[in-house]
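Below is one structure; the comments refer to it alone.
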Amino acid sequence: MKPATLRAELDVRTGGNFRISFTRDDGEYFEAGGTYRDVVPNERLVFTWAWHSTPERESLVTITLKPDSAGTLMVFHHAQFFDETARDNHLRGWSSFFDKLDAFVA
């Protein structure tokens, strides 16, 4: 299976913006972006998330990093979904992403 392609423009600072685009393994193209609301290096990253095709459906992602006996514990929280379908679709997407990340770091 061909890996997804990715393009990212990141201004990682409070008030900075990001835009990412990628092609999924099945060839479907996606583009999303948002604004960093809180950036605390090595501790926390909070940003808005919206698909380019539906910018009015903005949600909020919070990533918290904590020292752990095995290394670093990452807590990922995505909230404020437009509806249950959006929530479920994001759950599938993020789960796939984290599975790939896990395989990469293993």
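Criterion: ILVMFWY side-chain heavy atoms under 4.5 Å apart, direct or through other members. Under it, F97 and L6 are part of a common hydrophobic cluster. Both F104 and F98 sit in one connected hydrophobic cluster of ILVMFWY residues. Membership requires side-chain heavy atoms under 4.5 Å apart, directly or through other members.
V61 has its side chain within reach of F76: a pair of non-hydrogen atoms, C-beta onward, lies under 4.5 Å apart.
Separation of atoms CG (L73) and CG (L65) is listed at 8.5 Å; rounding is to 0.5 Å. I20 contributes atom CD1, which lies 12.5 Å from atom CZ of R7 (distance to the nearest 0.5 angstrom). For the atom pair L60 CG and R37 CZ, the distance stands at 5.5 Å (nearest 0.5 Å). Note that CG of N17 is 7.0 Å distant from CG of D11, once rounded to the nearest 0.5 Å. The CD atom of E31 sits 10.0 Å away from the CH2 atom of W51 when rounded to the nearest 0.5 Å. Atom CZ of F30 sits about 12.0 Å away from atom OG of S21, to the nearest 0.5 Å.
Classification of the H90-F81 ring pair by plane angle, with boundaries at 30° and 60°, yields tilted. Ring orientation note: the planes of F18 and W49 are tilted relative to one another, at an angle of 30° to 60°.
The side chain to side chain donor-acceptor pair (under 3.5 Å) search around D88 returns none, not counting sequence neighbours.
The two residues M74 and I63 make their nearest non-hydrogen contact at CG-CG2, 3.7 Å. Contact detail for D38 and R44: the closest heavy-atom pair is OD2-NE, 2.6 Å.
Using modelled atom types, no side-chain atom of S96 and backbone atom of R92 make a donor-acceptor pair closer than 3.5 Å. Looking only at distances, a side-chain donor or acceptor of T48 sits under 3.5 Å from a matching main-chain atom of T35.
Each side chain to side chain donor-acceptor pair (under 3.5 Å) pair with one or both residues in residues 64-81, not counting sequence neighbours, appears once here: S59-H78, H78-W94.
Within a 6.0 Å radius of CD in E28, other residues, nucleotides and ligands contribute more than 12 heavy atoms. Other residues, nucleotides and ligands contribute over 12 non-hydrogen atoms within 6.0 Å of the CG atom of D83.
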Note to self: What verdict does the side chain to side chain contact (heavy atoms under 4.5 Å, CB included) test give for L10 and Y36, after you've listed the backbone C-alpha separation in whole Å, the side-chain angles of each residue and the deciding distance to 0.1 Å?
What the structure shows: CA-CA 10 Å; L10 310 170; Y36 294 103; 3.6 Å; yes
